[in-house]
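So the structure is just underneath, and the comments pick up after that.
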Amino acid sequence: MKKRNVYAAVVGGGAAGLMCAIRAAENHPDQAIVILEKADRVGKKILVTGNGRCNLSHIGADANSYHGDGSGDLINILFKKYDPDAVLSYFRTLGLLTHTDSEGRVYPLSNQASSVLDVLRMRNSQLDIETICNTDISRIQKTAEGYEIVTPELRLFAKKLVIAAGGKADYAGRNSDSRELMRSLGLSMTKLSPSLSPVSVKSELLKSLKGIRASAEASLIRDKRIIKAERGEVQFTDGALSGICIFNLSRYANRGGCEIHLNLLPDFSYEQVERELTNRFKHNASCGEVFTGMFHKNIGLALLKSCGIKPSSPCKDISLKEIKPLCRHITDWRFVCEETRDFKKAQVTAGGVRLSEIDPHTFESNRHRGLYIIGETLDIDGDCGGYNLQFAFASGMCAGDHL
Ligand SMILES: Cc1cc2nc3c(=O)[nH]c(=O)nc-3n(C[C@H](O)[C@H](O)[C@H](O)COP(=O)(O)OP(=O)(O)OC[C@H]3O[C@@H](n4cnc5c(N)ncnc54)[C@H](O)[C@@H]3O)c2cc1C
């Protein structure tokens, strides 16, 4: 078996690892830097982000859009130097042109995720960063001088080690679970759960609503308290609620023990909804017609069903007492969330290496000198909209500058 000494080894050639290796190589042009990647190519996940367009950052992103114990302090420190403007300016030096949509989401001007990966790969090769693919690192040994990494072909001795192995969120069946690796380094981790995913809910009504979308305000309720509320488009799927606003609630909802409440008319007061509905019951013949022009037909039917009203019943037979529960459903339609450990449809992982394990100014481990942990491997996850890649790139830049 071959033995090699390198200055730094980066485990994981994703967004964070590629960026980190580039910055480290720029800072140490005469030192050998190696990326060890489990897949057959680096940066594969970047290509599927943002539906193939790669929403690589979010203008104005701040601590409010990140979650995880201690994430607020970490982001405040990190974004002092590596905020979205700094990340995008650096990408500009690599040749990437971008555009920003009206919400602040940043995409490559080409609208192709491959442009982001291409500039990173080009810079990697300009800097002679070695990439070893098809190498799944599961154990690392701390030595007096640094770290020993054993692959089937190689014993690698690295003075500095970066863990950029991502999270457990699955995409296209490529599951990356770095817990074993973290355990081998004695790093403490929080429980992992899927985030930015659809939320499984218990409801018989969902079958008839499959594929339908509605704008709503979605609130996540636990112990009668609103944990988080988001407005946007909700998509009904078989057994789950989906859509960006649901994605943003999912990190809490997927842990179970809570409900999602939908307000289908968030711009109306409850009294206005009651007036509107009473009026509609006065002016329509059958109950099935009442929601015409208001909601998708199947949503109207599901609302009637959940209140025990038959669509064929004449409107004149419905009393105000029966209309009130309908108004409550429209403004506060409740779905009980199911706990899930299914990472297949999740974009990110909530949980990971505890942030208390690292120095927030450098991402170096407080436990082992010369060890850095970046990106989604850490217990920090962002909302939907470019926040996760922003963090991956920013943490990669920061660690790369301190290696
Ligand atoms: C479908 C989808 C769409 C997304 N869209 C967006 C978006 O538009 N905007 C946004 O901000 N975020 C998006 N995300 C989230 C974003 O992609 C991740 O948060 C980000 O890629 C994390 O970067 P990372 O480098 O930390 O981890 P990753 O990108 O996951 O990279 C980790 C790398 O490490 C490798 N690896 C893992 N374990 C080992 C090991 N033991 N040995 C060697 N190599 C290993 C993996 O193969 C992988 O290449 C999306 C995610 C998905 C799944």
Side-chain angles (χ1 to χ4, degrees), residues 9-21 34-58 61 65-66 68 84 87 101 104-108 111 113 116-117 120 131-140 149-152 156 161-185 194-197 244 247 343-350 352-353 363 372-397 399-400:
V10 179
V11 176
L18 286 169
M19 182 59 94
C20 179
V34 175
I35 296 176
L36 301 160
E37 168 56 49
K38 157 166 123 166
D40 57 352
R41 271 179 297 138
V42 293
K44 273 181 138 177
K45 193 192 275 182
I46 293 174
L47 297 176
V48 301
T49 58
N51 284 327
R53 290 169 65 211
C54 184
N55 176 193
L56 71 153
S57 185
H58 196 112
S65 296
Y66 291 92
V87 168
D101 74 8
R105 292 182 285 247
V106 183
Y107 297 89
N111 271 328
V116 177
L117 181 55
L120 292 169
T131 303
I132 305 176
C133 289
N134 297 310
T135 308
D136 189 348
I137 308 298
S138 58
R139 254 200 105 66
I140 290 169
I149 305 150
V150 183
T151 76
L156 202 63
L161 172 70
V162 182
I163 304 291
K168 199 171 182 271
D170 203 355
Y171 72 105
R174 297 184 195 101
N175 201 346
S176 160
D177 187 349
S178 45
R179 279 177 293 185
E180 199 184 328
L181 189 58
M182 299 306 131
R183 255 179 243 127
S184 78
L185 290 163
S195 185
L196 300 192
S197 69
I244 290 178
F247 273 31
F343 287 83
K344 282 198 186 70
K345 289 183 184 148
Q347 291 196 355
V348 294
T349 307
V353 173
F363 287 77
Y372 296 76
I373 305 133
I374 55 175
E376 207 180 303
T377 302
L378 290 166
D379 175 19
I380 178 164
D381 55 289
D383 289 341
C384 199
Y387 300 97
N388 288 292
L389 282 171
Q390 163 62 30
F391 177 69
F393 291 131
S395 60
M397 284 169 77

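Along the sequence shown, residues are numbered consecutively beginning with 1. In listed order, ligands and their atoms are each counted from 1. In what follows, every heavy atom counts, from backbone to side chain, and hydrogens, waters and symmetry copies are set aside. The model shown is predicted, which means the values in this text are computed figures rather than measured ones.
Within the listing of ligand 1, atoms 11 (O), 12 (N), 19 (O) sit less than 4.0 angstrom from a heavy atom of N388. Less than 4.0 angstrom separates some heavy atom of V11 from each of these atoms of ligand 1: 42 (N), 43 (C). Within the listing of ligand 1, atoms 40 (C), 41 (N), 42 (N), 43 (C) sit less than 4.0 angstrom from a heavy atom of I137. Interface of G375 with ligand 1, defined as ligand atoms under 4.0 Å from a residue heavy atom, comprises 26 (O). Near G386, with a cut-off below 4.0 Å to any heavy atom, the atoms of ligand 1 are 9 (N), 10 (C), 11 (O). Listed by number with element, the atoms of ligand 1 under 4.0 angstrom from any heavy atom of T135 are 42 (N), 43 (C). Here is the list of ligand 1 atoms found below 4.0 Å of a heavy atom in V348: 15 (C), 19 (O). Residue contact check: L36 has heavy atoms under 4.0 Å from atoms 43 (C), 44 (N) of ligand 1.
In this structure, the side chain of T49 does not engage the main chain of L47 through any donor-acceptor pair within 3.5 Å. No donor-acceptor pair under 3.5 Å is formed between the side chain of D136 and the backbone N or O of K38. Between the side chain of T131 and the backbone N or O of I35, no donor-acceptor pair lies under 3.5 Å. Side-chain atoms of S195 never come within 3.5 Å of backbone atoms of T349 as a donor-acceptor pair (strictly under, hydrogens ignored). E37 contributes a side-chain N or O that, together with a main-chain N or O of G13, makes up a donor-acceptor pair within less than 3.5 Å. Under the 3.5 Å distance criterion, the side-chain polar atoms of Y66 are matched with a main-chain donor or acceptor of Y387.
A pairwise comparison of heavy atoms in E376 and A169 identifies OE2-CB, 4.0 Å as the closest pair. Between A164 and V10, the closest heavy-atom pair is CB-CG1, 4.3 Å. Of all heavy-atom pairs between L196 and C384, the closest is CD2-N, 3.8 Å. In terms of heavy atoms, P194 sits closest to F343 at N-CE2, 3.4 Å.
In terms of N/O distances under 3.5 Å, ligand 1 is approached by E376. For the pair G43 and ligand 1, the shortest N or O to N or O distance does not fall below 3.5 Å. The shortest N or O to N or O distance between G167 and ligand 1 is not below 3.5 Å. Considering backbone and side-chain N/O of S138, none are found under 3.5 Å from N/O of ligand 1. Ligand 1 has a nitrogen or oxygen under 3.5 angstrom from a nitrogen or oxygen of L389. Residue A16 places at least one N or O, backbone or side chain, under 3.5 Å from an N or O of ligand 1.
When the options Q347, Q390, K344, H58 are ranked by their closest heavy atom to atom 50 (C) of ligand 1, first place goes to Q347. Closest heavy-atom approach to atom 48 (C) of ligand 1 within the set K38, E180, R53, E37: this belongs to E37. Comparing A164, S195, A169 by heavy-atom distance to atom 32 (C) of ligand 1, the nearest is A164.
Side chains of I140 and I163 form a contact here, defined as non-hydrogen atoms less than 4.5 Å apart.
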* Check step by step if side chain to side chain contact (heavy atoms under 4.5 Å, CB included) holds for L389 and N55. => CA-CA 8 Å; L389 282 171; N55 176 193; 5.9 Å; no
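Under 4.0 Å from ligand 1, heavy atoms of T49 appear from its side chain as well as its backbone. The backbone of Y387, and not its side chain, has at least one atom closer than 4.0 Å to an atom of ligand 1 (non-hydrogen atoms only; backbone = N, CA, C, O).
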